[in-house]
There are 2 protein chains.
Amino acid sequence: MAIKPAKTMTLSDIARLAGVSESTASRALRDNPVINAQTRQKVQQIAADHQFKVNATARSLRTQKSHTIAVIILFDAKTQQAITDPFLLDILGVIADELTRQGYDMLLSSSKTTDKDWRSYYFDSKRADGLIIIGQGEHDERVEQLSNAGVPFVVWGAASGTEHFPVIGSDNRQGAQLAVAHLVSRGCKRIAFLGDIRHTEIEMRYLGYQDALQAAGIKAEPALQLNTDFTAQAGYLQTQQVLFNQLATLDGIFAASDAIAMGAMKALLEHNIKVPQQVALVGFDDIAMSAYCTPSLTTVKQDTHAGGKLLVAQLLSRINGNKATSQLLPVKLIERQSSLRSHTIAT
Amino acid sequence: MAIKPAKTMTLSDIARLAGVSESTASRALRDNPVINAQTRQKVQQIAADHQFKVNATARSLRTQKSHTIAVIILFDAKTQQAITDPFLLDILGVIADELTRQGYDMLLSSSKTTDKDWRSYYFDSKRADGLIIIGQGEHDERVEQLSNAGVPFVVWGAASGTEHFPVIGSDNRQGAQLAVAHLVSRGCKRIAFLGDIRHTEIEMRYLGYQDALQAAGIKAEPALQLNTDFTAQAGYLQTQQVLFNQLATLDGIFAASDAIAMGAMKALLEHNIKVPQQVALVGFDDIAMSAYCTPSLTTVKQDTHAGGKLLVAQLLSRINGNKATSQLLPVKLIERQSSLRSHTIAT
DNA sequence: TGCACTATTGCAATCGATTGCAATATCACC
DNA sequence: GGTGATATTGCAATCGATTGCAATAGTGCA
């Protein structure tokens, strides 16, 4: 029953078959009400019969709109690793769905591409109508430049307050504060922080960590604040390190991501340190695996669904000439086993 | 020092500024050797000064090539979940990098989009020059149809042998065989299989599982073969199930993915079953987290790097008029703690 | 019957770059 | 000086769809 793999049809073919002009055919296909209902139906029928699809390229050229959004994933300049954190995948999926729902295509740019000048490559060349920039990027001057160039874009991350572009992101500071306050409430007094504060988001989590300590009257110890990359491996190695130095008294760890937390947990367990009895552990992100490691990981859940939708909504609003505004999304502490202990227990 | 956000320049602007015709300008920018070296340099200089970027849309229209590849991620029709398996992200990253390297853009399609007719949407409309289809898809008649429609595309998955399109994928059968033979060599006799064999790839792993059992003279027990979705949760629930029924004697589990394996591990540990002493466990994929769970997970590593490169290479070859051929990639068993026991130990 | 007005449809320009072919300039060599 | 070959450059068509404006047909009303 399959219709022949029809040689590519153009609008002019359809017009000819329908016995109308190209303009009428074009209008009919776009449901322009000025076209007579019968004519419209006839044209649409013929187009459907021949599996005609508007040539997106020609349309884009004429309308000056690509109906495509470029999603750019920033990488750690140092590790240069490819998309790897499960959290990214999460939000990427939401964005993809939402863009599709809005009739936009999604151009995805990965590590190497970001060497290019995004503005030139995606925007000036008309490949995309706007940009969504994601990732635990460090301060990147390229982003600031974009905002001076009239390119519609939004960023997933943490607002520093000084930037001139819309940033959507979780309330990292509050999330961290919740997490660390939770550890404190479980009796932790010497709590390590694992994360790379050169990333704005992590910097915010670090501030939240300090907020909570201060609120509890605990003095922050620099030796417990470890610069840690975004990988389980980094979490593992840094935890070994801190254990080596602080073994006797460390009783809590706040990791800036679940991946880091899992690495940390591995190191703890290898040293026969009981989690959470001796050291309680909290992560950040609530990736799928967090519920299934042992002990399961207490963590801060980001609302990726709302985040993705908001990113898209704000960007499209910006593209349509309105303003896009920064927004902070609430987060939620998910308590699991890695911090499940009475606060009266001590080592 | 920033150059003004220059109003979009067109080729004709550049030509005028350089005092040459559009055709000369175009040729100069494309390094056409027929153009005088001085002219060429002058044009290129002017273009660079004004941050001129060729309008990709216009070029595509004229050349009839989009230089874009659509990557489509198939979903489980039942669970309808978004991209979630870390493994997908892995191979997606490789493909993205490789496409970029080859000068192609990547259009990513997620769940909802796949409701559409890919051929029409991506190919007929000239949005993409070719398709890469990824994911643990079940048999999907849409894919077969594509091959009759003259659309260049390649599939990541498992070749059934009867399909008429190029399939790149791991040697799932051998991988599973290695994994299960490994369990057998560790003394396992009653080995469960967790996976959804309606997915061709998983079906292959199931066959490998049977191969290994047969080679070891072990009779396969239907009660130990559990249909399991691609999630840690499914692995967890199914394992609870099998434990409930088979507690006394189950001594090994082969999970069709690492996510499933982690769910299984959780269930085992919750029942105070020692891994690997009482039940040894092997997964598939070698996702990043596998090395960092406790006990770390023995698994079968797929060569995503080679796979991604091959997918791209074969597709581009096909686009350039050559044939694309199916290929099976070798896999490797990664031994970690979840199966680390002497084969003489028994419960 | 005549005129204004509305409903439809078509003409032709346009989006921006690429390219086959023709045109011109330059040069070597007899 | 003449002739053919070679190096450069430009003209104009083309890719396929969209859209402002003009043209035509049809309708209602005086």
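A quick note: this is a predicted structure, and the numbers were derived from the prediction, not measured.
Between the side chains of B/Tyr122 and B/Asp129, no donor-acceptor pair of N or O atoms lies under 3.5 Å. Side-chain polar atoms of B/Ser23 and B/Ser26 form no donor-acceptor pair below 3.5 angstrom.
Cation-pi contact between B/Arg318 and B/Phe153: absent, since separation from the ring centre below 6.0 Å together with deviation from the ring axis within 45° is not met.
When the side-chain nitrogen and oxygen atoms of A/Asn36 are compared with OP1 and OP2 of C/dT8, one or more of them lie within a distance under 4.0 Å. Between A/Thr39 and the phosphate of C/dT9, there is a side-chain N or O to OP1/OP2 separation shorter than 4.0 Å.
Residues A/Leu310 and A/Leu329 are in side-chain contact: their nearest non-hydrogen atoms beyond the backbone lie under 4.5 Å apart. Considering only heavy atoms from C-beta on, A/Met9 comes within 4.5 Å of A/Ile14 through its side chain.
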- Task: Check the pair A/Thr57 / A/Ser60 against side-chain hydrogen bond (donor to acceptor under 3.5 Å, both in side chains), numbers first and verdict last.
- Result: CA-CA 5 Å; A/Thr57 307; A/Ser60 293; over 6 Å; no
- Task: Would you sort out whether B/Leu108 and B/Leu92 count as a side chain to side chain contact (heavy atoms under 4.5 Å, CB included), showing the intermediate values?
- Result: CA-CA 9 Å; B/Leu108 183 63; B/Leu92 198 58; 3.9 Å; yes
Identify the pairs formed between an N or O of the protein and an N or O of nucleotides 19-25 of chain C at a distance under 3.5 Å, and give each distance.
unit_1	atom_1	unit_2	atom_2	d
C/dT19	OP2	B/Arg30	NH1	3.1
C/dG20	O6	B/Arg27	NH2	2.7

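A straight line from CG of A/Asn55 to P of D/dA17 spans 6 Å, rounded to a whole angstrom.
Looking at heavy-atom distances under 4.0 Å, A/Val34 makes contact with a base.
Here the nucleotide nearest the side chain of B/Ile35, chosen from D/dT18, D/dT9, C/dG16, is D/dT9.
Relative to the axis of its first five pairs, the axis of the last five pairs of the helix from C/dT1-D/dA30 to C/dC30-D/dG1 sits at 60°, rounded to 10 degrees.
For the salt bridge (Lys or Arg N to Asp or Glu O under 4.0 Å) condition, no pair includes a residue of residues 52-73 of chain A, sequence neighbours left out.
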